[in-house]
Amino acid sequence: MPGTPSVVAALAWVLALTAPARAQVPVQGCAADRYQCASTAYRAGELAAARTAVDVLLVERPDDADALLLSGLIALRQNDPKRARMALDRAAIVAPAYADVFVARARLHLREGRTRDARRDSDRALTLRRDHPDALALRAQLAGLEGSRQRLWTIALDQSVSRISRRTADAWYETQATLARRSGRGSVAVEVEHARRLGRSDLRVQLRADRAIGSGTVYGAAVVTADPDFRESWGLRAGGQHAATPRIDLLIDGRFSNYGAINSGSVTTGLRGWSADRGTAIKVGVIHFIDEAGTYRVGGAADVTRRLSSRLRVQGGYARYPETEAGVTRQLASGFALATYQVREALDLRVGFDRETRRGLYRRDSVKLGLSAGF
């Protein structure tokens, strides 16, 4: 049809003039402020240009927390969780007090279905900045997701078998069952332990209550043993922890035990330090002990906990301290290793080994297996 090409060309020209302009960010012109360039491109939806600009910036400044955060956010928008995690984990290390980093990582966890990790990072962000709007919104979102399936009860069962060095024909057994109920910022737990040694057995029951207060927690517990042979007749325990800084917790634990005609007690004071990404914790403590004769003794303990993945956590430690058993206090040295694996949400499997040496008596090697579930 005559004249059609010119009409089509004219129409295309008019459409081009009237179409909304789309931001284009020339990466070549970003040398003056690469972060601003990448940020502008990200907000305009030009994710490829934003990624190119931030990648160049990170070559120049690999520990720039703002650039690492932006890199993680870009990767989230591009559905690249592996790249997002690498950037956000690095940002958490170089800037452990940067709340925005933990909010972004919490959203990454939530996208991948790891609500426990998302809750931990959102709580971390609110510890750093209590009025953080995105962290508050994320907490509300998590509460909404979990509201219909919140698990108020936890049940745990642990079994250990011990071999005694000086009584090779004898094995000791301990079985422990725990039922806990959460309510708001507190919880109540009942623990029943049955221990059998050398043909004798003790049944001990503990009632414990925990409560979150401010930036810490406190607990109290009462223990009673029916017709004891080697456990305490009854006892009281109390303690707590307080987050002194985002990476340091103060710890205290007190215990009083009655063995019929004699008593003993201890107070443990300690510190727990966290790595920037909250994946590693180191705890040290000093044990102040008063034995059945009223003599003051001192001991110490240390352990390390490391989260190897979102499902696997390992722990190991060593302690040397006085302890009373069957009414007699002796020096004890012990070491342990424990691995906890999250089989699925609210179902954890525990496997552990420990070695305990009581001066002048025996060495005990124990293998432990435990399972806990929430419902």
Side-chain angles (χ1 to χ4, degrees), residues 22-25 27 30 33-129 132-146 246-247 274-281 306-313 341-342 344-345:
R22 188 176 182 185
Q24 298 290 333
V25 181
V27 177
C30 288
D33 191 341
R34 296 195 189 282
Y35 177 78
Q36 185 61 41
C37 185
S39 181
T40 300
Y42 171 73
R43 291 195 300 271
E46 296 289 340
L47 300 182
R51 177 169 174 171
T52 300
V54 82
D55 284 351
V56 173
L57 175 59
L58 286 172
V59 170
E60 299 170 354
R61 302 202 300 268
D63 288 340
D64 187 311
D66 287 321
L68 288 165
L69 172 58
L70 182 56
S71 178
L73 292 173
I74 294 168
L76 276 173
R77 289 273 296 274
Q78 293 181 318
N79 294 315
D80 188 347
K82 182 177 180 180
R83 179 184 173 92
R85 178 170 294 102
M86 290 176 62
L88 295 175
D89 285 350
R90 181 61 185 168
I93 292 173
V94 301
Y98 196 172
D100 289 355
V101 170
F102 294 95
V103 172
R105 197 167 66 173
R107 293 199 180 281
L108 172 62
H109 292 319
L110 186 58
R111 178 177 296 186
E112 296 182 331
R114 298 198 303 272
T115 55
R116 181 184 296 181
D117 293 333
R119 191 184 317 114
R120 185 190 71 240
D121 271 352
S122 63
D123 288 346
R124 168 74 169 160
L126 288 170
T127 299
L128 295 168
R129 182 179 161 191
H132 195 296
D134 291 338
L136 290 170
L138 185 58
R139 172 178 280 183
Q141 183 181 357
L142 285 166
L145 289 173
E146 299 173 346
R247 295 177 60 180
W274 294 90
S275 62
D277 62 354
R278 304 287 285 188
T280 303
R306 173 66 179 169
R307 182 179 293 276
L308 298 181
S309 71
S310 61
R311 292 181 177 271
L312 180 62
R313 184 177 70 250
Y341 179 74
Q342 183 184 351
R344 58 180 178 83
E345 185 73 18

Which residues share a side-chain hydrogen bond (donor to acceptor under 3.5 Å, both in side chains) with Arg83, sequence neighbours left out: Asp55
Exercise: identify the closest heavy-atom pair between Ser39 and Leu70: N-CD2, 3.7 Å
Test salt bridge (charged side-chain N to carboxylate O under 4.0 Å, His left out) applied to Arg124 - qualifying residues, sequence neighbours left out: none
Hey, what do you get for CG (Leu73) to CG (Leu88), rounding to the nearest 0.5 Å? 6.5 Å
Answer yes if the side chains of Tyr98 and Asp66 hold a donor-acceptor pair under 3.5 Å, and no otherwise. yes
For Arg247 and Trp274, indicate whether the former's side chain and the latter's backbone hold a donor-acceptor pair under 3.5 Å. yes
4.5 Å side-chain heavy-atom contact, Arg116 and His109: no
Could you give the distance from OG (Ser122) to NE2 (His132), rounded to the nearest 0.5 Å? 11.0 Å
Is the shortest side-chain heavy-atom distance between Arg105 and Asp89 below 4.5 Å? yes
Say you draw a straight line from CZ of Arg306 to OG1 of Thr280; how long is it, rounded to the nearest 0.5 Å? 3.5 Å
Return the minimal non-hydrogen interatomic distance between Ala65 and Ala95, and the atom names on each side. CB-CB, 3.6 Å
Is the shortest heavy-atom distance from the side chain of Arg120 to the side chain of Arg114 under 4.5 Å? no
When you compare the side chain of Tyr42 with that of Arg51, does any pair of heavy atoms fall below 4.5 Å? no
Ala135 versus Ala125, closest heavy-atom pair with distance: CB-CB, 4.0 Å
Kindly give the heavy-atom pair with the smallest separation between Gly72 and Ala87, and that separation in Å. N-CB, 3.7 Å
From CG (Leu110) to CG (Asp121), nearest 0.5 Å: 11.5 Å
Would you say that Arg85 contacts Leu108 through its side chain, given a criterion of any heavy-atom pair below 4.5 Å between the two side chains? yes
For the backbone of Ala67 and the side chain of Ser71, can you confirm whether one donor and one acceptor N or O come within less than 3.5 Å of each other? no
Among residues at least two apart in sequence or on other chains, which ones pass side-chain contact (heavy atoms from CB on, under 4.5 Å) with Leu136? Leu126
Residues that Gln36 engages under side-chain contact (heavy atoms from CB on, under 4.5 Å), provided they are two or more places apart: Asp33, Thr40, Arg43
What heavy-atom pair brings Leu76 and Ala104 nearest, and what distance separates the two atoms? CD1-O, 4.0 Å
Got Pro81 and Arg111 here, is their nearest side-chain heavy-atom distance under 4.5 Å? no
For Arg90, the side-chain contact (heavy atoms from CB on, under 4.5 Å) test, sequence neighbours excluded, returns Asp63, Leu68, Ile93, Val94
Return the set of residues passing side-chain contact (heavy atoms from CB on, under 4.5 Å) with Asp123 (not counting sequence neighbours), or none when no residue passes. Arg119, Arg139
Rounded distance (nearest 0.5 Å) linking atom CG of Asp100 with atom CG of Leu128: 10.0 Å
For the atom pair CZ (Phe102) and CZ (Arg129), what is the distance rounded to the nearest 0.5 Å? 14.5 Å
